[in-house]
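Everything numeric here is computed off the predicted structure, so don't read it as measured data. Throughout, protein chains are lettered first and strands after them, A, B, ... in sequence-line order, and every chain is numbered starting at 1.
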Amino acid sequence: MSDTPAERQLNFIEQIIEADNASGKWGGKVVTRFPPEPNGYLHIGHAKSICLNFGLAQRYGGTCNLRFDDTNPTKEEMEYVHSISDNIRWLGFEWPNQKDDAVESGALFASDYFQTMYDYACELIRKGKAYVCDLTADETREYRGSLNKPGRESPHRNRSVEENLDLFDRMRKGEFPDGSRTLKAKIDMASPNVNLRDPVMYRILHAKHHRTGDAWCIYPMYDWAHGIEDSLEGVTHSICTLEFENHRPLYDWFINAINEGRTNDGSGPWGKRIVHSQQIEFAKLDLNYTVMGKRNLLALVKEKRVGGWDDPRMPTLSGLRRRGYTPESIRNFCTDVGVAKFKSTIDIGRLENAVRDHLNKVAPRRMAVLDPLKVVIENWPEDGTVDELDAINNPEDASAGSRKVPFTRELYIEREDFMEDAPKKFFRLAPGREVRLRYAYFVTCTGVVKNDAGEIVELRCTYDPATRGGDSPDGRKVKGTLHWVSASHAVEAEVRLYDRLFNDEDPDNPRHEKDFHEFLNPDSLKKVHGCKLEPSLAQAAIGDRMQFERLGYFNVDIETTPGNLIFNRIVSLKDSWAKQRDQ
RNA sequence: UGGCCCCUAGUGUAAUGGUAGCACGACAGACUCUGGAUCUGUUUGUCAAGGUUCGAAUCCUUGGGGGCCAGCCA
């Protein structure tokens with residue numbers, strides 16, 4: 001489903017990189033980074049960015065740093081550092097200096113650069129490009145003007161270098177309360193790009209940082225910090241999402257401001273030029289029938305609409321992981337959707353398609369009956385005779401071998417595989433009709449047993465001994481093949497069936513009158529108890545993935561305990577009968 | 001009554017002034033011990049109008065539609 005990189009057409013970022021390599025702009029080097037803020041869990045949208053950044057580094061023999069953009073101590077926690085690092089490893093990517101002593105080992109942190117950033121800030125002050133401003137947040141907003149009206153210059157804009165240096169030093173020392181002053185870049189209060197109207201570089205925040213503790217009480221803003229982080233790490237291509245397009249002029253302004261007066265060989269008053277990474281923006285992943293915003297995801301968890309961040313219905317990486325998605329399928333999906341600047345929405349069906357595609361090749365096949373209906377083979381001996389039949393583990397993979405499944409007089413089949421009054425196109429069991437039980441025998445339905453309420457409780461069938469293994473020596477064909485489980489050997493389990501979390505394609509669309517909560521799908525989780533599995537499944541371990549024949553792909557949920565097997569349906573198989581039936 | 005970005009089959013994505021292609025979906029058929037998988041075929045597209053050009057999806061102009069920006073968030 002996805003081309004290998006070598007044959008695929010280049011996306012626009014790869015084209016930029018190849019042009020840079022051809023021109024020698026970076027000496028053939030490619031350094032990227034994935035820069036999450038440790039204030040939430042990663043979701044499938046982040047996976048696209050991760051695959052892009054790490055994938056580019058892989059493809060061009062470069063490196064991709066994992067760098068936490070931890071410049072806001074009021075929102076960030078180590079817990080997120082761990083979960084994010086863990087998710088990236090799970091996805092199958094490696095950052096430089098990664099070791100196993102800690103999950104985040106080798107990761108870089110913006111907070112490690114705070115002193116350097118501070119020094120650069122002092123340099124901008126000395127160059128007359130930054131000043132301490134005493135305006136409050138409200139006043140700053142007012143002075144900024146609007147989209148249509150230019151802003152006004154702050155009354156503190158023209159303080160002397162000495163005063164600015166002194167004030168900034170005292171800001172750092174903690175002499176002023178939160179919000180009382182900021183350091184701003186002196187750019188252009190009339191710029192049509194609001195980002196350039198003297199943006200804040202530092203704010204005062206007397207907050208304990210999860211890594212630097214109380215060492216700082218001023219923290220750099222994103223725009224000031226990010227380009228420096230990239231520069232310090234020698235990032236060549238700084239890839240971010242579309243909403244930062246308007247920030248690129250500021251990104252460039254800051255680096256240019258630092259480089260002003262600097263030289264390639266370090267001669268002159270300001271020293272050597274620093275690396276000026278190229279910021280490139282792409283459209284982030286958007287999926288239908290779900291929500292991806294941090295606030296919305298957090299709301300679902302806090303309000304207990306789902307079981308947690310790793311609820312198998314969540315679009316989080318930990319949710320997809322628990323659901324049973326393979327890292328490879330997610331990587332394939334990300335390659336498949338491509339990279340461009342057009343803000344598109346991907347159908348969630350493509351994600352489902354990606355797991356199906358992968359699991360079809362690697363998942364062992366097993367038989368499991370979710371909604372059991374008892375079948376008695378009338379002409380089978382009543383003495384407990386067991387026939388051990390060969391079942392192929394994976395028709396897509398000969399090396400997967402085969403296993404034995406026991407066939408006995410009493411079996412279970414899927415309730416929906418029988419219809420008393422079946423239409424012609426129904427290729428399954430019905431009175432008088434013959435079907436094949438997978439890897440076993442042809443059976444013919446001879447009778448239906450009902451309870452007082454008129455519900456079918458049992459089927460009576462006969463089998464054809466000549467069809468052992470599933471083929472008829474006389475060349476007789478049957479239209480249907482059913483999965484089944486021996487009643488006396490069956491392992492009991494709970495199976496959890498998932499459906500999309502929302503009934504609306506775009507639940508959080510602001511154009512809706514309704515809140516996204518109102519689109520929650522009440523049937524997104526169905527717990528099915530009393531499912532009957534073939535005996536080999538008694539050994540299934542947490543995380544194991546397999547195909548239940550004719551039903552879909554499943555994995556063993558982490559809530560499984562000895563004696564209480566729980567399976568998640570990762571995704572169903574395509575079902576062309578269901579499609580036909582519903583028409 | 002500002003600035004920046006974007007618009008190619010249903011959904012995505014190529015074609016970088018030279019035959020509009022690919023993937024997925026849908027539909028049809030073949031095959032099949034999973035109504036799965038696989039294979040084959042079919043369908044549908046350059047937002048609009050002008051201009052430049054031998055030739056425009058591509059360059060220019062205007063119009064239309066969409067997105068982003070006025071956090072001491074990232």
Checklist entry - Which of these nucleotides, B:U13, B:A26, B:C24, is closest to any side-chain atom of A:Lys579? => result B:A26
Checklist entry - Pairs in or reaching into residues 338-365 of chain A: which pass ring-ring contact (aromatic ring centres under 6.0 Å, His included), with residues at least two apart or in two chains? => result none
Next on the checklist: Applying ring-ring contact (aromatic ring centres under 6.0 Å, His included) as the test, list every pair that has at least one member in residues 167-193 of chain A; sequence neighbours left out.
Outcome noted: A:Tyr118-A:Phe168, A:Phe168-A:Tyr202
Which whole-number value in Å describes the distance from [X] [atom1] to [N] [atom2]?
X: A:Lys48; N: B:G12; atom1: NZ; atom2: P; value: 11 Å
X: A:Asp471; N: B:U34; atom1: CG; atom2: P; value: 10 Å
X: A:Gln580; N: B:A26; atom1: CD; atom2: C1'; value: 16 Å
X: A:Leu196; N: B:G3; atom1: CG; atom2: P; value: 15 Å
X: A:Leu250; N: B:C4; atom1: CG; atom2: C1'; value: 14 Å
X: A:Phe282; N: B:C5; atom1: CZ; atom2: C1'; value: 15 Å
X: A:Asn509; N: B:G66; atom1: CG; atom2: C1'; value: 12 Å
X: A:Asp286; N: B:G66; atom1: CG; atom2: C1'; value: 13 Å

Checklist entry - Think A:Arg550 has a side-chain N or O under 4.0 angstrom from the OP1 or OP2 of B:G35? => result yes
Select base, sugar-phosphate, or nothing to describe what [X] touches, counting heavy atoms under 4.0 Å on all strands.
X: A:Tyr143; value: nothing
X: A:Val339; value: sugar-phosphate
X: A:Phe342; value: sugar-phosphate

Other residues, nucleotides, ligands: >12 heavy atoms within 6.0 Å of [X] [atom1]:
X: A:Ile392; atom1: CD1; result: no
X: A:Lys284; atom1: NZ; result: no
X: A:Lys479; atom1: NZ; result: no
X: A:Lys25; atom1: NZ; result: yes

Which atom pairs link the protein and nucleotides 67-74 of chain B when you take only N or O atoms and keep those under 3.5 Å?
residue	atom	partner	partner atom	Å
B:C68	O2	A:Asn246	ND2	3.0
B:C69	O4'	A:Asn246	ND2	3.3
B:A70	O3'	A:Arg144	NH2	3.4
B:A70	O2'	A:Arg144	NE	3.2
B:G71	OP2	A:Arg144	NH2	2.9
B:C72	OP1	A:Arg144	NH2	3.2
B:C72	OP2	A:Arg144	NH1	3.0
B:C72	N3	A:Gly179	O	3.3
B:C72	N4	A:Leu135	O	2.6
B:C72	N4	A:Ala137	N	3.0
B:C72	N4	A:Gly179	O	3.1
B:C73	OP2	A:Arg203	NE	3.0
B:C73	OP2	A:Arg203	NH2	2.9
B:C73	O3'	A:Arg203	NH2	3.2
B:C73	O2'	A:Asn72	ND2	3.2
B:A74	OP1	A:Thr71	OG1	2.7
B:A74	OP1	A:Arg203	NH1	3.3
B:A74	OP1	A:Arg203	NH2	3.0
B:A74	OP2	A:Tyr222	N	2.9
B:A74	O3'	A:Asp69	OD2	2.9
B:A74	N6	A:His247	NE2	3.3

Distance, [atom1] atom - from [M] to [N], rounded to whole angstrom:
N: B:C22; M: B:U43; atom1: C1'; value: 16 Å
N: B:G10; M: B:C6; atom1: P; value: 23 Å
N: B:C47; M: B:G66; atom1: C1'; value: 11 Å
N: B:U46; M: B:U11; atom1: P; value: 13 Å
N: B:G51; M: B:U58; atom1: P; value: 14 Å
N: B:A20; M: B:U8; atom1: C1'; value: 8 Å
N: B:G12; M: B:G35; atom1: P; value: 33 Å
N: B:C31; M: B:G21; atom1: C1'; value: 29 Å

Item to check | Derivation of the salt bridge (Lys or Arg N to Asp or Glu O under 4.0 Å) call for A:Asp198 and A:Lys186 | outcome: CA-CA 5 Å; A:Asp198 288 11; A:Lys186 192 191 283 190; over 6 Å; no
Checklist entry - Is the base of B:G71 syn or anti, if syn means a glycosidic angle within 90° of 0? => result syn
Checklist entry - In terms of the angle between their ring planes, are A:Trp484 and A:Phe407 parallel, tilted or perpendicular, with boundaries placed at 30° and 60°? => result perpendicular
Could you tell me which nucleotide pairs with [N] by Watson-Crick or G-U wobble geometry, both distances under 3.5 Å, or answer none if nothing does?
N: B:G21; value: B:U13
N: B:C68; value: B:G3
N: B:G36; value: none
N: B:U61; value: B:A49

Checklist entry - Distance only, no hydrogens: is a donor on one side chain within 3.5 Å (strictly under) of an acceptor on the other, for A:Asn65 and A:Glu233? => result yes
Under-3.5 Å N/O pairs linking protein and nucleotides 61-63 of chain B:
none

Checklist entry - Quick one: are A:His483 and A:Leu551 in side-chain contact, heavy atoms under 4.5 Å? => result yes
Checklist entry - Mind checking whether A:Glu77 and A:His210 have side chains closer than 4.5 Å, heavy atoms only? => result no
Polar-atom pairs under 3.5 Å, protein N or O versus N or O of nucleotides 36-38 of chain B: list them with distances, or write none.
residue	atom	partner	partner atom	Å
B:G36	OP1	A:Ser576	OG	3.1
B:G36	N2	A:Glu396	OE2	3.0
B:A37	OP1	A:Lys574	NZ	3.4
B:A37	O2'	A:Asn360	ND2	3.2
B:A37	O2'	A:Glu396	OE1	3.3
B:A37	O2'	A:Glu396	OE2	3.0

Checklist outcome for this item: Assert: residue with more 5' nearest nucleotide on RNA chain B, out of A:Leu551 and A:Phe12, is A:Phe12
Checklist entry - Hey, would you say the A:His247 and A:Tyr251 ring centroids sit under 6.0 Å apart? => result no
Checklist entry - Centres of the A:Phe114 and A:Tyr219 rings: under 6.0 Å? => result yes
Next on the checklist: Applying salt bridge (Lys or Arg N to Asp or Glu O under 4.0 Å) as the test, list every pair that has at least one member in residues 201-212 of chain A; sequence neighbours left out.
Outcome noted: A:Asp112-A:Arg211, A:Lys208-A:Asp214
